[in-house]
Amino acid sequence: MGGYDLFMEDFAPGDRFVTEGETVTESQVIDFAMQWDPQPYHTNARHPRTVAQGGLMASGFHTVCMTFRQFQMDGAIGAAALASPGIDKLRWLKPVRPGDTLHVESEVVSVRRFESKPDRGAVTMEHRTINQDGEAVFSCECTHILQCRDGGEERRSPA
């Protein structure tokens with residue numbers, strides 16, 4: 001799937017997008033953690049804390065990055081993406097472990113054209129990362145600022 005290249009006015013509440021799956025490797029988990037989140041349960045499979053927690057697990061920040069990489073690569077907002085004011089309701093629901101295959105399911109929550117800048121608008125989406133067992137491992141709500149295809153022309157008054 002992918003390659004949509006949609007603009008703000010192409011989205012409606014309830015629209016859903018599902019990415020392909022991607023398997024997480026042990027080396028990805030350790031490499032990310034060594035650079036950004038070097039805690040033992042992300043970097044050392046034999047550490048007592050890692051063993052006590054059921055084995056090596058990806059950093060939550062790694063899960064966020066994997067989620068948004070998959071969503072971006074899917075192409076739903078690639079043509080129109082301008083920015084994002086932030087992420088809300090961010091939750092790590094289950095550990096991500098080496099060997100897990102993850103995909104992202106995104107649903108449009110709301111769409112709003114900006115009155116002050118009618119060439120763009122906000123599309124708020126709930127993103128959920130799902131493992132191979134159908135379990136949600138991560139969820140968040142993110143607002144994406146997107147360009148309008150019509151450049152705001154249909155909202156402007158004639159001169």
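In this structure, Val123 and Leu146 approach most closely via the heavy-atom pair CG2-CD1, 3.6 Å. Residues Ala79 and Gln147 come closest through the heavy atom pair O-OE1, 4.3 Å. Minimum heavy-atom separation, Met8 to Cys148: CE-SG, 3.3 Å. Contact detail for His103 and Glu20: the closest heavy-atom pair is CB-O, 3.6 Å. Closest approach of Met125 and Phe17 over heavy atoms only: CE-CD1, 3.7 Å.
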(Q) Working note: Glu22 + Thr101, criterion side chain to side chain contact (heavy atoms under 4.5 Å, CB included); need CA distance, chi angles, decisive distance, verdict. (A) CA-CA 5 Å; Glu22 181 177 359; Thr101 298; 5.8 Å; no
Q | Worked verdict on Phe71 versus His144 for ring pair (Phe, Tyr, Trp, His ring centres under 6.0 Å) | A | CA-CA 12 Å; Phe71 177 70; His144 304 276; 5.4 Å; yes
Q: Please step through side chain to side chain contact (heavy atoms under 4.5 Å, CB included) for the pair Ile130 and Val104, ending with a clear verdict.
A: CA-CA 6 Å; Ile130 310 296; Val104 178; over 6 Å; no
**Q.** Verdict with reasoning, Met57 to Val96, per side chain to side chain contact (heavy atoms under 4.5 Å, CB included)
**A.** CA-CA 5 Å; Met57 65 183 106; Val96 171; over 6 Å; no
Q: Evaluate the criterion ring pair (Phe, Tyr, Trp, His ring centres under 6.0 Å) for residue pair Tyr41 and His47; output intermediate values, then yes/no.
A: CA-CA 7 Å; Tyr41 39 86; His47 192 279; 8.4 Å; no
**Q.** Test side chain to side chain contact (heavy atoms under 4.5 Å, CB included) applied to Ser139 and Leu93, step by step
**A.** CA-CA 7 Å; Ser139 69; Leu93 305 168; 4.0 Å; yes
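The backbone N or O of Arg46 lies less than 3.5 Å from a partner atom in the side chain of Asn44, making a donor-acceptor pair. Put simply, the side chain of Glu9 gets close to the backbone of Arg149: a donor and an acceptor are under 3.5 Å apart. The main-chain N or O of Ala76 is never found under 3.5 Å from a side-chain atom of Asp74 such that the two would form a donor-acceptor pair. For Gln28 (side chain) and Thr25 (main-chain N/O), a donor-acceptor pair under 3.5 Å exists by modelled atom type.
Salt bridge annotation for Glu26-Arg97: absent, with no cationic side-chain nitrogen under 4.0 angstrom from a carboxylate oxygen. The pair Arg113-Asp150 meets the salt-bridge criterion, with a side-chain N (NZ, NE, NH1 or NH2) lying under 4.0 Å from an Asp/Glu carboxylate O.
Here the CZ atom belonging to Arg128 is positioned 12.5 Å from the CZ atom belonging to Arg91, to the nearest 0.5 angstrom. Put simply, SG on Cys140 and CG on Leu90 are 6.0 Å apart, with the number rounded to the nearest 0.5 Å. Atom CG in Leu56 sits 7.5 Å away from atom OG1 in Thr43 (nearest 0.5 Å). Put simply, CH2 on Trp92 and OG on Ser59 are 7.5 Å apart, with the number rounded to the nearest 0.5 Å. Here the OG1-CG distance, from Thr63 to Leu102, works out to 7.0 Å after rounding to the nearest 0.5 Å. With rounding to the nearest 0.5 angstrom, the NE2 atom of His62 is 11.0 Å from the CG atom of Asp37.
A heavy-atom distance below 4.5 Å is found between the side chains of Ile145 and Phe114. The side-chain heavy atoms of Cys142 and Ile87, taken from C-beta on, include a pair separated by under 4.5 Å. Within the 4.5 Å cutoff, side-chain heavy atoms of Arg120 are placed close to those of Lys117. Annotation: side chain of Asp31 is not in contact with side chain of Met34 (no heavy-atom distance under 4.5 Å).
With hydrogens and angles left out, the side-chain atoms of Gln132 and Asp100 include a donor and acceptor closer than 3.5 Å. Side chain to side chain, Thr19 and Gln70 meet the donor-acceptor criterion of an N or O pair below 3.5 Å. A side-chain N or O of Ser106 and one of His127 form a donor-acceptor pair less than 3.5 Å apart.
One hydrophobic cluster, built from ILVMFWY side chains closer than 4.5 Å, cannot hold both Phe11 and Phe7; they sit in different ones. Cluster membership check: Val64 shares its hydrophobic cluster with Ile30, using side-chain heavy-atom separations under 4.5 Å among Ile, Leu, Val, Met, Phe, Trp and Tyr.
Residues that satisfy the side chain to side chain contact (heavy atoms under 4.5 Å, CB included) test with Thr124, not counting sequence neighbours, are Val109, Ser110, Glu141, Thr143.
Outside the 6.0 Å centre-distance limit, the rings of Phe68 and Phe138 are not counted as a close aromatic pair.
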